[in-house]
Amino acid sequence: MTDVPERMPLNRDFFARPVIEVAPELLGRTLVRHTPDGPIELRLTEVEAYDGENDPGSHAYRGRTARNATMFGPPGHAYVYFIYGMWFSLNAVCAPEGQASGVLLRAGKIIRGAELAAARRPKARSANELAKGPARLATALDIDRSLDGVDLCRGGDAPLTLLQGDPPDPALVRHGPRTGVGGDGAHHPWRYWIADDPTVSPYRRHVPRRRATSAT
DNA sequence: CTCTCGATCCTCT
DNA sequence: GAGGATCGAGAGC
């Protein structure tokens with residue numbers, strides 16, 4: 001039977017709400033990735049909210065561009081971007097169409113297809129590190145820009161789907177400042193994670209890059 | 001066209 | 001805890 005509630009995809013209405021409401025409720029959900037070699041599944045343990053054009057930390061802060069166009073589209077779709085010249089990160093688009101907000105899926109526990117994930121992450125020292133961090137998660141699940149815009153609500157054999165999964169006890173949900181976000185966006189406590197979970201990535205403060213001419 | 005710097009990871013200390 | 005890797009988006013001229 002595939003009608004078990006936890007195996008049902010999340011509805012589009014779930015995503016069509018303010019991102020700050022959606023983000024903590026994504027914890028414990030199951031992300032399913034269908035690769036040519038087989039399925040990989042992950043239980044989300046850490047996410048971050050990015051509140052569109054009002055949020056200095058968001059890619060949408062300076063308006064719509066070719067790169068971030070998916071964020072302005074309908075909710076419940078994947079926004080995948082390339083960063084630091086090496087890695088990809090996966091977001092779930094939220095809020096009604098036209099509002100460019102999203103939730104960065106930062107980390108999770110691989111619950112199926114661990115061999116496939118480990119093959120893609122040969123440098124991971126333990127199972128907990130397979131998807132401990134946004135770029136690690138994307139690497140482990142074979143996610144790249146070809147998946148930008150895919151529907152996360154379709155289910156079935158779709159390349160990427162978010163199922164209802166197994167949300168944690170609300171008392172175990174923690175929140176704090178976002179990782180690697182500086183400037184005016186730094187103080188928002190929009191990073192959410194499951195308390196004491198070994199697959200949650202370590203917090204790192206934003207480090208401004210040194211300027212060529214500044215000396216002290 | 002040129003320049004800056006980023007929603008990070010890995011290695012070594 | 002610090003620094004290098006690596007390339008594309010976006011802004012400025």
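Chain letters run A, B, ... following the sequence lines, proteins first, then strands; residues in each count from 1. Quantities reported herein were computed from a predicted structural model and do not represent experimental measurements.
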(request) To the nearest Å, give me how far apart CD1 (A:Ile83) and P (B:dT4) are. (result) 18 Å
(message) Within the 4.5 Å heavy-atom criterion, are A:Phe15 and A:Leu162 side-chain neighbours or not?
(response) yes
(request) Would you mind telling me which of A:Glu46, A:Glu129, A:Arg136 makes a side chain to side chain donor-acceptor pair (under 3.5 Å) with A:Ser201? (result) A:Glu46
(request) Just call it for A:Gly57: base, sugar-phosphate, or nothing, with non-hydrogen atoms closer than 4.0 Å on any strand. (result) base
(message) Which nucleotide wins on minimum distance to the side chain of A:Arg121, given the candidates C:dA5, B:dC10, B:dT8?
(response) B:dC10
(message) Defining pairs by Watson-Crick or G-U wobble geometry with both distances under 3.5 Å, how would you list the stems of DNA chain C with at least three pairs each?
(response) B:1-6 with C:7-12, B:8-12 with C:1-5
(message) If you assign each of A:Val181 and A:Glu129 to its closest nucleotide in DNA chain B, which residue comes earlier from the 5' end?
(response) A:Val181
(request) Give a yes/no on whether any side-chain N or O of A:Arg136 is located under 4.0 angstrom from OP1 or OP2 of B:dC10. (result) yes
(message) At less than 4.0 Å, is any side-chain N or O atom of A:Arg205 found next to OP1 or OP2 of C:dG1? Yes or no.
(response) no
(message) Could you tell me how far apart A:Trp190 (CH2) and B:dA7 (C1') are, to the nearest whole angstrom?
(response) 13 Å
(request) Report yes if some heavy atom in the side chain of A:Leu26 is under 4.5 Å from a heavy atom in the side chain of A:Leu105; otherwise report no. (result) yes
(request) Find the distance A:Lys123:NZ to C:dA5:P and express it as a whole number of Å. (result) 14 Å
(request) Find the distance A:Tyr203:OH to C:dG1:P and express it as a whole number of Å. (result) 13 Å
(request) Check whether any side-chain nitrogen or oxygen of A:His59 sits under 4.0 Å from OP1 or OP2 of B:dA7, and answer yes or no. (result) yes
(message) Please determine whether a side-chain nitrogen of the Lys or Arg among A:Glu41 and A:Arg7 lies less than 4.0 Å from a carboxylate oxygen of the Asp or Glu.
(response) yes
(message) Pick the closest DNA chain C nucleotide for A:Met86 and for A:Asn68 by heavy atoms, then say which residue is nearer the 5' end.
(response) A:Met86
(request) Find the distance A:Phe82:CZ to B:dA7:P and express it as a whole number of Å. (result) 14 Å
(message) Does a side-chain N or O of A:Thr65 approach OP1 or OP2 of C:dA9 to a distance below 4.0 Å, or not?
(response) no
(message) Here's one to test your reading of the geometry: is the NZ or CZ of A:Arg205 within 45 degrees of the ring axis of A:Tyr203 and under 6.0 Å from its centre?
(response) no
(request) Quickly work out the A:Arg120 CZ to B:dC10 P distance and round it to whole Å. (result) 13 Å
(request) Between B:dA7, C:dC7, C:dA5, spot the one nearest the side chain of A:Trp87, thanks. (result) C:dA5
(request) May I ask you to verify whether the side chain of A:Tyr84 and the base of C:dA5 hold a donor-acceptor pair under 3.5 Å? (result) no
(request) Identify which one of A:Val150, A:Asp151, A:Leu160 satisfies the side chain to side chain contact (heavy atoms under 4.5 Å, CB included) criterion when paired with A:His77. (result) A:Asp151
(message) Under a 4.0 Å threshold between the charged nitrogen and the carboxylate oxygen, would A:Arg178 count as salt-bridged to A:Asp55?
(response) yes
(request) Could you work out the separation of B:dA7 and C:dG1 based on their P atoms and round it to a whole Å? (result) 23 Å
(request) Provide, to the nearest angstrom, the distance between the OH atom belonging to A:Tyr81 and the P atom belonging to C:dA9. (result) 14 Å
(message) Under 4.0 Å, heavy atoms only, any strand: does A:Arg67 hit a base, just the sugar-phosphate, or nothing?
(response) sugar-phosphate
(request) Give me the ring orientation class for A:Tyr81 and A:Tyr79: parallel if the planes are under 30° apart, tilted from 30 to 60°, perpendicular past 60°. (result) tilted
(request) Would you kindly give the OH-to-P distance between A:Tyr61 and B:dC5, to the nearest whole Å? (result) 17 Å
